Amino acid sequence: MASSNTYRLRCSVPGHEMDVRGLASTSFPEGAFVSVSRDRTGRVWVPNMGPNRSFTEMHCMHGHTNFVSCVCIIAPNETYPRGLIATGGNDNNICVFSLDRPDPLYVLKGHKNTVCTLSAGKFGTLLSGSWDTTAKVWLNDKCMMSLQGHTAAVWAVKIFPEQGLMLTGSADKSIKLWKAGRCEKTYTGHEDCVRGLAVVNNTEFFSCSNDASIRRWHIDGECLQVYYGHTNYIYSISVFPNGQDFISTGEDRSIRIWKNGECAQTIRLPAQSVWCCCILDNGDIVVGASDGIIRVFTESDERIASPEDIKAFENELSQTAIDAKTGDLGDIKMEELPGREHLNEPGTRDGQTRLIKDGETVQAYQWSVSDSNWLKIGDVVGSSGATPQTSGRVLFEGKEYDFVFTIDVNEGGPSMKLPYNVADDPWLTAHDFLEKNDLNPMFLDQVANFIIENSKGNTVGRTETGHSDPFTGSGRYVPASAGGSSANGADPFTGSGRYIPGSGPSTVAPAGVADPFTGGSAYSSNTLQSTSAPTNIYFPKTDAVKFEQANATQILAKLKELNRGAPTEQTLSDDGIQKLEKLLSTVSNLNAVEKPTTEEIEILWKTAHWPEDIVFPVLDILRLAVRHPVVNEQFYSEKDGVQFCNHLLNLMGPQGKPANQMLVLRTLCNSFAGQWGQTLLMSMRETVMSQAMELRTVNNKNIHVALATLVLNYAGSLHKVADLEGKAQCLSMVSTVLEVVQDKEAVFRLLVALGTTIGNDGTARDLAQSLGVKSQINKYSTVTDPAKLGECCKLVLNQL
């Protein structure tokens with residue numbers, strides 16, 4: 001196919017009544033694309049078979065009650081073999097359409113402000129960004145997690161195709177990399193809002209910004225290159241399949257084609273704001289602008305527009321009024337400009353701009369390499385070439401408005417900015433402005449009338465507004481030292497003999513298939529021994545996994561030793577120590593007839609408030625005590641449960657003592673043994689798991705094992721519960737912790753948690769796949785020591 005290596009007009013596609021704000025190429029129909037607009041519609045365009053080389057509207061979609069600002073394509077699947085279309089709007093919603101009907105299949109609600117960017121990943125995952133400063137991860141019609149960390153509007157999002165990594169760009173000038181719902185890295189360098197992102201490959205991406213620069217990044221945080229060429233805000237960027245060349249559009253009325261790291265071509269448009277772009281499979285470029293027109297450009301001689309259409313486009317361009325204030329042309333001094341004779345000199349590069357004076361007007365010309373001449377691209381004017389009717393490009397506090405008025409309330413006092421969109425109620429806007437700036441309500445009518453007067457003629461109807469050794473040096477008592485593997489047949493979860501010195505002999509499992517959780521012979525059937533097929537004795541694991549090994553003599557000895565150094569008001573009397581000793585004896589044998597008394601439990605609660613450097617033996621008693629139903633109920637009752645849990649979380653903080661962190665984690669795990677503890681911990685799931693996650697970077701394998709066990713107990717509690725958000729948090733935590741843990745026991749428990757979460761839940765399984773969990777765990781499938789690790793991994797992979 002013949003090619004000039006220069007992009008020229010293929011066609012102009014009218015149809016939208018207002019700005020075209022989003023574009024996306026589709027896999028079906030072939031060669032088609034989707035556009036969305038401020039006119040509240042989305043449209044599917046298919047290529048004509050006729051000689052005019054244009055596109056025809058095949059499908060129009062309605063469902064938003066306000067401007068539609070972004071679009072993306074959800075890849076085909078068994079249910080929807082032609083894929084789905086997702087659109088986001090100023091009504092705070094995301095609508096998901098099929099190609100079979102004009103109304104949405106379903107609407108995703110959850111954002112509290114404009115949804116301005118969307119990106120689709122594998123297995124139906126959808127990522128959205130909003131002015132509410134968050135990004136959200138959706139799977140089918142459910143919100144699986146919310147990404148919080150930006151301090152201003154999230155203007156751009158992208159999903160990496162393979163690793164389950166996600167990117168967000170914001171008006172706070174930063175870009176963040178997310179893995180399984182957690183921010184892994186923040187990239188800084190841009191000096192203004194980040195408006196667009198584009199993935200290059202598995203390790204690199206582009207960003208564009210209102211600072212008029214484009215940056216190429218490596219995911220490790222290095223900025224590889226900065227590209228300059230645009231003279232104003234850059235709104236969008238799209239990468240060619242070769243992963244090197246790309247295109248960008250912006251507020252300087254241009255689309256720029258970048259090849260080999262240089263701006264190879266600049267195409268001006270007869271519209272101030274060139275909002276969006278996409279690249280079709282055949283290499284053609286589609287752009288949308290503030291004049292409501294979609295334009296397609298091609299390198300192919302076979303698809304270039306007719307001479308008449310090209311001439312019409314050039315005429316339209318020449319009649320454009322260019323705003324001198326946009327920064328595109330620099331400071332203009334009319335008296336110093338040359339006349340038309342300046343156009344006799346050829347340009348030095350494609351897209352070069354030259355200003356001349358023609359009488360009382362200033363005209364702008366652009367050099368076209370393909371045509372070897374200067375093309376007029378408009379008349380330069382002092383007023384804005386982008387009116388509020390055609391462009392919502394005014395930015396205030398990282399958000400976009402039709403108007404940003406300057407209000408002077410007190411003479412000589414500071415002025416205030418009042419942002420306004422034509423779809424807003426002027427009276428409500430005035431009310432909010434006065435309230436925000438602590439102004440007297442008497443100004444309501446005056447401010448509202450000011451808005452009405454200064455936005456006269458700009459209405460599109462009214463909509464609802466969304467407004468590190470911690471011990472004392474004694475070698476007699478070391479909770480959970482970093483000992484080796486437990487003896488054959490020992491409980492793989494509680495780690496018999498892990499206290500140093502050992503707390504007693506380990507129980508050896510009898511012959512047969514040992515239960516991986518208790519070391520017992522619960523799975524000793526002849527069927528299991530005779531079959532060569534892998535048998536799943538690992539998950540789902542729905543009963544609580546507990547830490548029950550202890551040496552009461554050593555715990556009490558350490559308690560008495562540290563009691564002598566406790567603050568006077570917290571020192572235990574001999575009677576108090578005796579009561580704790582009795583309590584420890586009772587809770588160490590859950591089958592005992594005698595029960596803990598209220599007084600004993602109150603003394604335990606009091607000593608749990610000892611200073612952090614001496615409290616650990618108390619926590620060791622506590623983690624044994626919460627297994628007992630009486631203690632579990634008293635500590636986790638509706639009256640005291642939240643206070644008790646918050647105290648534990650304070651001791652578990654990232655700056656806390658590792659011994660305390662580990663023992664609190666074990667206490668939380670054991671709390672699942674009782675109904676009261678399970679109920680309260682489920683109600684505080686998000687807080688508990690989020691804070692526990694902070695300990696993943698602590699270089700302590702015992703903490704990692706306890707952390708993995710906590711996830712496992714949450715997964716077990718959620719197994720038969722229709723709580724997708726809870727399962728999403730479990731999957732996120734499993735994926736994140738797998739990135740840092742090395743201990744095989746911790747990994748094993750994470751795998752069991754993973755298997756428990758995705759078992760019998762297709763949606764959770766899809767989310768696990770989209771998070772890239774499969775690639776994380778593949779390496780464990782060949783592990784033979786311990787055998788349970790490799791076996792469990794294979795079973796999980798079968799589920800995935």
Side-chain angles (χ1 to χ4, degrees), residues 15-24 34-43 60-72 85-97 102-118 126 128-136 138 143 153-157 171 195 235 273 275-276 288-292 386-404 418-433 451-452 455 457-467:
H16 284 293
E17 299 171 7
M18 298 180 73
D19 304 48
V20 178
R21 294 304 306 264
L23 291 163
V34 185
S35 62
V36 295
S37 167
R38 281 167 61 104
D39 65 9
R40 308 186 185 187
T41 69
R43 302 170 192 251
C60 186
M61 298 164 289
H62 300 267
H64 288 281
T65 58
N66 208 326
F67 308 148
V68 190
S69 53
C70 55
V71 62
C72 76
I85 300 167
T87 62
N90 283 45
D91 57 4
N92 310 345
N93 295 334
I94 301 166
C95 293
V96 180
F97 299 88
D103 57 317
L105 291 172
Y106 50 87
V107 179
L108 305 178
K109 297 177 180 288
H111 280 295
K112 298 178 181 179
N113 212 319
T114 295
V115 179
C116 53
T117 178
L118 293 167
L126 183 68
S128 60
S130 168
W131 290 2
D132 65 10
T133 77
T134 73
K136 294 184 182 293
W138 311 80
C143 180
V154 178
W155 274 105
V157 297
R195 297 299 293 266
Y235 294 133
S273 306
W275 292 117
C276 49
S290 54
D291 60 357
T387 67
Q389 296 98 313
T390 63
S391 173
R393 64 182 175 84
V394 184
L395 258 71
F396 177 70
E397 295 181 343
K399 299 180 182 179
E400 197 173 61
Y401 296 93
D402 293 311
F403 300 90
V404 177
L418 191 163
Y420 175 68
N421 280 316
V422 296
D424 295 343
D425 184 322
W427 300 94
L428 184 57
T429 301
H431 173 271
D432 291 345
F433 169 77
I451 294 171
I452 295 169
S455 63
N458 294 281
T459 58
V460 292
R462 178 177 173 178
T463 74
E464 293 183 4
T465 53
H467 304 309

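None of the values given here were measured: they were computed from a predicted structure. These numbers come from the heavy atoms of this one structure, side chains and all, not from hydrogens, waters or symmetry mates. One is the number of the first residue; the rest follow in order along the sequence.
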Going from CZ on R40 to OG1 on T87, what distance comes out if it is rounded to the nearest 0.5 angstrom?
13.5 Å
What's the spacing between L108 CG and N92 CG if we round to 0.5 Å?
13.0 Å
Write down the atom of T134, the atom of V154, and the distance for their closest heavy-atom approach.
O-CG2, 3.7 Å
Is there a side-chain contact between R21 and Y235 in this structure, where contact means two heavy atoms from C-beta onward sitting under 4.5 Å apart?
no
T114: partners by side-chain hydrogen bond (donor to acceptor under 3.5 Å, both in side chains), with sequence neighbours left out:
none
Whether R38 engages the ring of F67 as a cation-pi pair (distance to the six-membered ring centre under 6.0 angstrom, angle to the ring normal within 45°) should be assessed.
yes
Check: D19 main-chain N/O paired with S37 side-chain donor or acceptor under 3.5 Å
yes
Tell me, please, which residues at least two apart from T41 pass side chain to side chain contact (heavy atoms under 4.5 Å, CB included).
H16, D39, R43, C60, H62
So CD1 of I94 and CH2 of W138: to nearest 0.5 Å the spacing works out to 5.0 Å
Measure the spacing between CZ of F403 and CG of N421 and express it to the nearest 0.5 Å.
9.5 Å
Of all residues at least two apart in sequence or in a different chain, which pass the side chain to side chain contact (heavy atoms under 4.5 Å, CB included) check with A135?
L127, L147, V157, T168
Got a second to check how far C116's SG is from N90's CG, nearest 0.5 Å?
9.0 Å
For a 4.5 angstrom cut-off between non-hydrogen side-chain atoms, does V96 reach P104?
no
What residues form a side chain to side chain contact (heavy atoms under 4.5 Å, CB included) with C72, not counting sequence neighbours?
A86, L118, A120, L126
Would you say the side-chain atoms of S69 pair up with the backbone N or O of V115, donor to acceptor, closer than 3.5 Å?
yes
Those residues at least two apart in sequence (or on a different chain) that pass side chain to side chain contact (heavy atoms under 4.5 Å, CB included) with C276 are V20, L23
Does D91 reach the main-chain N or O of T65 with its side chain, forming a donor-acceptor pair under 3.5 Å?
yes
When rounded to the nearest 0.5 Å, the distance separating CE of M61 from SG of C95 is 10.0 Å
According to side-chain hydrogen bond (donor to acceptor under 3.5 Å, both in side chains), who are the partners of S130, at least two apart in sequence or on a separate chain?
D132
Least distance between heavy atoms, W275 atom then A289 atom:
CD1-C, 3.8 Å
What are the two closest non-hydrogen atoms of H111 and S128, and how far apart are they?
NE2-OG, 2.7 Å
